[in-house]
Asks: 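My structure is below; once you've seen it, I'll send some questions.
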Amino acid sequence: MEDYQDPLNKRKNIIVKVLQESTGEQDVQLVDGGEHADLASTVAFTLAKKQKTSPVQIAQNLVAIISNNPGFQATGARTVAKGPYINFTLDTSYLIESLQAAVQPGYGSHKKKGIRVVLEHTSANPNGPLHVGHIRNSIIGDTLARVFRKAGYGLEVQYYVNDMGRQIAIVVWGFDNLDSALREGEKEDAHIARVYIAANREIEKDPSITQQVNTLMQLVEHGDPVTMKKFRREVSRCLDGFAVTLKDLNVSHDRFVWESDFIRNGYTDRIIAMIKKLPQTQDEETLALDLKEFGFGNKYVIRRSDGTSVYAARDLAYHDWKAANFDRVIDVLGADHKLIASQLQCTMKLLGKKAPEIVHFEFVSLPEGSMSTRAGKFVSADDLITEIRKRAFDEVTVRRPELDEEMRKSIAQSVGLAAIRYDIIKVTPEKSTVFDWKEALDFERQSGPYIQYAHARACSILAKAGTFSLCYELKTDQEIALARQIAKFPSVIEKVAAELHPHVLATYSRELADTFNTFYHYEQVLKSEGNTRDRRLTLVRAVQNTLKESLETLGIDAISTM
RNA sequence: GGGCUUGUGGCUUAGCUUGGACAUAGCGCCGGGCUUCUAACCCGGAUGUCGGGGGUUCGAAUCCCCCCAGGCCCGCCA
């Protein structure tokens, strides 16, 4: 895989170069040819204006010139003018090259880039279980992490633990003052939420409790050992609960970074000292930045009048540390963080430091409104996982009654995971969504299980085929269509890493499954003979491997039977 | 009030950064296909003022301006 170069891009680059040489234009407008061709150029329109000639005429002339270009001829592509469009049809050589790569383990992986990336995701406040809004963050983040590793980046995934917020102080107050014993069978994070919700109710009834909460916050800020121990204990218990959920979702972090550490290690004081030197800084009662000149209407407060730091200060310290140790810093954050995140980016730039790249995702709400941990209004990820596994098990039992229970459970677990992850990742992060049980529990149609099914189907064919000799040839339209889709995979990985749009991989994987399913219904594999059988089995091997790599990059198990 | 963002068939959704040839798919609806490699599947059909209005352009879902509607944000919270 080391020096593998995407065969499609290789040819595309040559065509672009030839077009540039032939036209003298830098922007040669190479677009997807759709049903007409593999690639097309609309440069004739642009030239028509400059040359005052008809674009149809120009296209014809250019086609003649390009056809005679030796570099172009070497690609094996053909070009014809269709009206004003210059169409390019590639020969199957690039598909053959792609197939040879596609049957190898690790297809789609790019060579090591020597760039170190730190990716932060999930980072939910530890005051209750992860709900379906949080896991949108986790799944976007984890999918991006998988894509970055595949795209050849060195990667560290971090969870930033907000362990000194008001919410945690409220939790600690609840444990000190309310009935807070762990109930039979209760998970730690659900336990924390129960106490947190109850404590909030008490505060509503008796606002004087707020004073006690404030005291707890001050104690922890000033490093009181007893209080700090309490905070850390409750936060840790909640994180233990998160760990179970995240494992069920096949989501992982390399490191948990605690917010309070940035107070203790002096990084917060250090960044505050640097901020003080900025011309935008106002050091009066509070320490704040006036970022009006950059379009921010409100002040960006760094330190309170009582001398304690606010969240923003610790966050800056954290990002300073990340910027110093990594080449790229990426955060996955909810859209509600857009303002403070851009203030942070702005401040980092003012300090002459690397600003983080941020992937914002919009909210997941419930049909009855937005979710709230404090009000106890949320669908927990654990409930979703439990329910979907149950549904998946019933489904597997209906379809595969001959399998033993252990096997059915194992398949159900993988299918459930696929349904959840795909349902969430398929939608562009910019779109807010409403959680819908019916859609989340859907195993058919545009779903993770649909893609798993295509993969299992390919595995089944290969298992029955026995040994065969690899044969890289393409004859029928169905074969070519499938090879084309397989060939796109490496560039999809690159595109997702470049644009930070993981849903593109979801769309691609589904289209690959679609194409394979169509192929499957039109072309016989096992019953064909000789050379035809070998070349189709080779294609099935390639699509199986590409589906496997796609699914695993989506964090979904590529199971071989279901 | 200001800022950010979304608006694509009945519902969900791709495409928008980088303008190009009949706007992508799924659900639902109508009609077909399992003694044939896994029917969690496939094939065909109906369904669209790409929120509305202007503009730029040979060409706009895509770029610009205005408006409408939804979401989010504007704290010495995190």
Side-chain angles (χ1 to χ4, degrees), chain A residues 27 29-37 40-42 44-46 48-49 54-55 82-85 87 123 125 127 162 164-168 217 259 285-288 295-299 301-312 314-315 334-340 342 360 362-363 365 370 392 395-396 398-400 415 419 426-428 430-434 436 438-439 442-454 456-465 499 501 503-504 506-507 510-511 513-514 517-518 520-528 536-537 540 561-562:
Chain A
D27 182 11
Q29 321 235 18
L30 202 63
V31 299
D32 186 43
E35 65 183 56
H36 305 277
S41 173
T42 57
F45 288 112
T46 320
K49 200 159 183 201
S54 89
K82 178 101 185 272
Y85 294 90
N87 288 341
S123 301
N125 280 329
N127 59 346
N162 305 131
M164 47 189 305
R166 173 167 295 272
Q167 290 97 325
I168 309 309
M217 285 176 73
E259 182 183 355
E285 268 189 68
T286 62
L287 183 73
F296 296 102
N298 60 334
K299 281 184 186 169
V301 175
I302 305 296
R303 201 190 56 202
R304 300 187 183 91
S305 51
D306 66 2
T308 59
S309 62
V310 296
Y311 172 83
R314 278 106 65 181
D315 207 19
D336 54 337
H337 287 67
K338 274 188 181 179
L339 178 61
I340 53 158
S342 53
H360 286 291
E362 287 287 342
F363 268 49
S365 57
S370 49
E395 197 71 32
V396 176
V398 168
R399 293 171 192 277
R400 305 293 300 277
V415 166
K426 72 179 178 188
V427 183
T428 179
E430 281 99 63
K431 228 154 197 161
S432 56
T433 60
V434 177
D436 184 287
K438 191 168 160 278
E439 227 166 272
D442 193 354
F443 303 139
E444 300 174 8
R445 308 132 191 165
Q446 292 189 351
S447 73
Y450 168 85
I451 302 166
Q452 285 180 309
Y453 188 73
R457 204 175 225 181
C459 286
S460 172
I461 294 173
L462 292 168
K464 285 183 183 159
E499 298 176 3
H501 275 160
H503 71 284
V504 170
T507 305
R510 194 256 307 154
E511 283 171 351
D514 283 345
N517 279 332
T518 303
Y520 174 90
H521 283 276
Y522 282 105
E523 311 284 28
Q524 299 249 312
V525 179
L526 294 178
K527 286 186 180 157
S528 53
R536 287 188 182 160
L537 278 168
V540 173
T561 184
M562 65 187 279

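Labels below follow one simple rule: chain letters A, B, ... track the order of the sequence lines, proteins then strands, and each chain is numbered from 1.
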Asks: Nearest whole angstrom, please: distance from the P of C4(B) to the CZ of Phe296(A).
Replies: 11 Å
Asks: Just to confirm, is there a sub-4.0 Å distance from OP1 or OP2 of C16(B) to any side-chain nitrogen or oxygen of His501(A)?
Replies: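 The answer is no; no side-chain N or O of His501(A) sits under 4.0 Å from OP1 or OP2.
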Asks: Just checking His360(A): base, sugar-phosphate only, or nothing, at a heavy-atom cut-off of under 4.0 Å?
Replies: nothing
Asks: Scan every strand shown for a Watson-Crick or G-U wobble partner of C4(B), both distances under 3.5 Å, and answer none if you come up empty.
Replies: G71(B)
Asks: Under 4.0 Å, counting only non-hydrogen atoms across every strand here, what does Ala40(A) touch: a base, just sugar-phosphate, or nothing?
Replies: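 Counting heavy atoms under 4.0 Å across all strands, the contact made by Ala40(A) includes a base.
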Asks: If I pick the C1' atom on G48(B) and the same atom on C4(B), what distance separates them, to the nearest angstrom?
Replies: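 To the nearest whole Å, 29 Å.
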Asks: To the nearest Å, give me how far apart CD (Gln29(A)) and P (G19(B)) are.
Replies: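 After rounding, the gap between these two atoms is 7 Å.
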Asks: How is Lys426(A) classified with respect to the nucleic acid when contacts are heavy atoms under 4.0 Å: base, sugar-phosphate, or nothing?
Replies: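 Since no nucleic acid heavy atom lies under 4.0 Å of Lys426(A), the category is nothing.
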Asks: Report which part of the nucleic acid Thr42(A) touches: base, sugar-phosphate, or nothing (heavy-atom distance under 4.0 Å, all strands).
Replies: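 Base contact.
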Asks: Could you run through nucleotides 71-78 of chain B and give me one letter per nucleotide, 5' to 3': B if any protein heavy atom sits under 4.0 Å from the base, S if only the sugar-phosphate is that close, - if neither?
Replies: -SSS-BSB
Asks: Would you kindly give the CD-to-C1' distance between Glu499(A) and C16(B), to the nearest whole Å?
Replies: 11 Å
Asks: If I take atom CG in residue Asp32(A) and atom P in nucleotide A14(B), what distance separates them, rounded to the nearest angstrom?
Replies: 19 Å
Asks: Side-chain N or O of Lys431(A) versus OP1/OP2 of A14(B): is the shortest distance under 4.0 Å?
Replies: yes
Asks: Can you tell me whether the side chain of Asn87(A) and the base of A21(B) have a donor-acceptor pair closer than 3.5 Å?
Replies: yes
Asks: Are Tyr85(A) and the base of A21(B) stacked, counting only ring centres nearer than 5.5 Å and planes tilted under 30°?
Replies: yes
Asks: For Glu430(A) and U8(B), what is the distance between atoms CD and P respectively, to the nearest whole Å?
Replies: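 So the CD-P distance, Glu430(A) to U8(B), works out to 15 Å.
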Asks: Take the protein atom NZ of Lys49(A) and the nucleotide atom P of U56(B), then report the distance between them rounded to whole Å.
Replies: 12 Å
Asks: Summarise how protein sits on nucleotides 33-41 of chain B as a single string, 5' to 3': B when a protein heavy atom is under 4.0 Å from the base, S for sugar-phosphate-only contact, - for no contact.
Replies: ---SBBSBB
Asks: So Gly33(A), base contact, sugar-phosphate only, or nothing? Heavy-atom distance under 4.0 Å.
Replies: base
